[in-house]
Each structure stands twice: as structure tokens, then as C-alpha cells.
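As C-alpha cells, the structure follows; a few thoughts come after it.
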Amino acid sequence: MITVIGSLNMDLVLYTSYFPQVGETISSTRYLEIPGGKGANQAMSIGKLNGSVEMIGAIGNDGFGDKLIQNLSNHGIGIQGIKRCTSTTGTAFINVDDHGDNKIILVPGANYELTTQHIDEEIHLLEKSEFIILQLEVPLTTVFYAIQKAKELNKTVILNPAPACKLDANLLKNVDILTPNETELEILTDTKINTLKDIKYACHKLLAQGIKAVIVTIGAKGAVIVTMNNFISIPGYEVDAIDTTAAGDSFTGALALGLNQGYDLEAATHFANQVASITVQRKGAQISLPTLDEFHTYFK
Ligand code: RIB
């Protein structure tokens, strides 16, 4: 089983042909409200692929919160670890342009009410899991605490360091697998990334702090796995990307699922690349994540 600790947001998505300039007003071609949040997306990625997954997070006592947990529950994701808070449910204002690129502004709301006490109350979920996945849209103190608890319980910790920020060495030393994209890797390591050599150099800075493997997603080019002794490129898929929202989330969720099902790092990364390549061909966050049947239709 896998437990995801993280955010739940309602994504308020504005599709426009291009991103407006400073001071410019443009009209959207479409507006949608789509369940999202990096934590919930990663849980959903696993759930839709028929993995066993529980979610720990926080929502408000409002309609968006109701819709988010209903949607998770409809896909078989355990929701008993999601608490109701006084703040409103997190929202994300997302602008997607005609190239499928996005810009996101978060209103964290209830996500910032996820406390260390809540992790203690739901520790039974961590105890039952082999893998614990986290991201950075909930308070860093909670992320730090949850990772420490997961390590005490001897669980494998996967951290998707998004949205990117500098992280304390005391936190990183307890992470088994880190899944940054190139921008996140730059911010984490203060290293300009232009080439594969840069990626290797930056990843080794992280490995030196105790992380066992860094898997860097590099968009359509796939991903690279960097460990102390290996540097392995896993090629991506050239597809017609229309919306990259949740691509990284689908990757991290599928990676954890693959590993939990016994794949080695290479095979799990290959599987995660395949899943992410489907996600980018469809609009939105959780609605774009493939089910297992859909996966088998794309990859026969
Ligand atoms: O990673 C994509 C997610 O980031 C969106 O669903 C949005 O909610 C933000 O958290």
C-alpha cells in the first residue's frame, strides 16, 4: 500500500491562446473547475491505475472540499486521513496556453492547516504502507515531521519537491527517492541546468546528503535516474502535448506504484514516463490521469 501526504486543490482553469502580457486583458477560450492539488493528483494517479492508496490531507468545510473527496473516493482512494478545517479548500488558478504550457497561482487555504498532530493521528496509515509520497504544498514542518516518522517506521520515502524551494539537509537525508524536474533541481541545488552533465553534477550534490536516488523528469525527453553508481537515461515519448498540468504528479504516482509492485528503478521510471505521456495528451489535472484500461489502450 502507498500513502500520499499532501495537498488537495480545486483547479480553476482558464484556457487562453497565449499568456497575457503585463497590463494586457485577454478572453479565455474555456473555463473549467477540475479536481487537482499535487498530493491528490499523485494519489489519483495510483488509484486510477488500480493501486492501493490512502491520502492524508486537509480540506475546508465547503462545496469544493466535498467534490474533491467524493472524486477520490469514487476512484477507490482511501479518504479517512483527510480532515476538514476552518479555512476554505485550497484552490489553484491555472492558465493554460495553446502550447499546453501552464502558469499556476495557489491559494493554499486548508492545505496549510495540515499539522504534525494530524500525522500522529493518522500514523496507522503510514504503518500499513510500504511507500510514503510527499510534495511541498503543505507546511514544511509537517513534511519534515512526516518524513522523519516514515523513516522511523522504515518506509520508503518519495519526495516530489514541488513547488520548488531550498530544503534543509536534515529533511533530505531521510528521503529515499527525489523526483524534481529541471527547474526544481536548479532551485534545490543552486545549479544552472543546461546539459545532462549539469544534471549529474546537481544530483550528486543531493546524493551526498543521503538521498539514494534522484529521478529528474525532463519533459518529452523522458527522465534520468541518478544514483551514486549509475546515471541512466530513460527516453520519453514524442506526443502531441496539449496540457502539461499534473504530468509530474502522474509520473511520481506511477513511479511509486511500479516500485510497490516490484519493478526496479529503471522499469518503474519507464512505466512512469508512459503514464505521464498519456496525461499530457489530455486536458486538466485528475481528469487527464489514465486508468489502467486506458493505459493498456495507449500501450498495447
Ligand atoms: O501539479 C499540478 C497541480 O499543481 C495542480 O493540480 C494544482 O492544483 C497545483 O497544485
Side-chain angles (χ1 to χ4, degrees), residues 4-15 30-48 55-60 62 64-65 67-69 71-72 75 77 82 87-97 100-114 133-140 142-143 158-165 178-185 187 215-219 223 241-256 272 275-290:
V4 178
I5 302 172
S7 59
L8 301 97
N9 295 326
M10 184 58 84
D11 292 350
L12 312 177
V13 192
L14 291 160
Y15 293 93
R30 201 169 179 203
Y31 167 75
L32 292 173
E33 289 175 8
I34 304 171
K38 293 186 192 305
N41 295 346
Q42 292 175 20
M44 185 62 92
S45 171
I46 298 163
K48 278 189 158 182
M55 166 110 209
I56 297 178
I59 52 170
D62 49 29
F64 278 168
K67 283 184 187 163
L68 292 179
I69 51 168
N71 189 43
L72 290 174
H75 288 91
I77 292 133
I82 300 172
S87 301
T88 51
T89 296
T91 45
F93 291 81
I94 304 185
N95 185 188
V96 181
D97 75 358
D101 292 324
N102 64 51
K103 295 189 177 188
I104 304 181
I105 299 176
L106 289 175
V107 183
N111 291 308
Y112 275 11
E113 285 193 50
L114 188 72
I133 310 183
L134 304 101
Q135 328 72 36
L136 302 173
E137 283 184 340
V138 295
L140 258 187
T142 307
V143 172
I158 301 180
L159 176 65
N160 174 228
C165 67
L178 195 75
T179 59
N181 61 24
E182 289 164 282
T183 312
E184 289 151 2
L185 184 64
I187 295 171
I215 304 181
V216 186
T217 54
I218 47 177
I242 61 159
D243 184 349
T244 56
T245 310
D249 299 330
S250 68
F251 180 94
T252 295
L255 175 81
V275 171
S277 78
I278 301 172
T279 304
V280 299
Q281 293 178 66
R282 301 154 16 141
K283 279 191 193 303
Q286 287 169 35
I287 55 170
S288 70
L289 305 169

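Counting starts at 1 for both ligands and their atoms, following the listed order.
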Quick one: look at Gln286 and ligand 1, take heavy-atom pairs under 4.0 Å, and tell me if it's side chain, backbone, both or neither. neither

Can a side-chain donor-acceptor contact be found between [Y] and [X] if the only test is distance below 3.5 angstrom?
X	Y	answer
Asp243	Thr245	yes
Glu137	Asn111	no
Ser87	Glu113	yes
Asn181	Thr217	no
Asn160	Thr179	yes

Look at [atom] and say which protein heavy atom is nearest, naming residue and atom and giving the distance to 0.1 Å.
atom	answer
atom 2 (C) of ligand 1	Asp249 OD2, 3.3 Å
atom 3 (C) of ligand 1	Asn41 ND2, 3.7 Å
atom 9 (C) of ligand 1	Glu137 OE2, 3.4 Å

Give the numbers and elements of all ligand 1 atoms closer than 4.0 Å to a heavy atom of [X].
X	value
Ala285	6 (O)
Leu106	9 (C), 10 (O)
Ala92	7 (C), 8 (O)
Lys38	1 (O), 2 (C), 3 (C), 4 (O), 10 (O)
Gly36	6 (O), 8 (O)
Asp11	5 (C), 6 (O), 7 (C), 8 (O)

Please report the closest heavy-atom contact between Ala276 and Ala247, naming both atoms and the distance. CB-O, 3.7 Å

Tested for side-chain contact (heavy atoms from CB on, under 4.5 Å) against Val96, the lone hit among Leu14, Leu32, Asn102 is Asn102

Polar-atom distance check: Gly37 versus ligand 1, any N or O pair below 3.5 Å? yes

Taking a cutoff of less than 4.0 Å between a non-hydrogen atom of the residue and any ligand atom, is Ser7 in contact with ligand 1? no

Taking Lys48 for the side chain and Leu289 for the main chain, is one N or O donor matched with an acceptor at less than 3.5 Å? yes

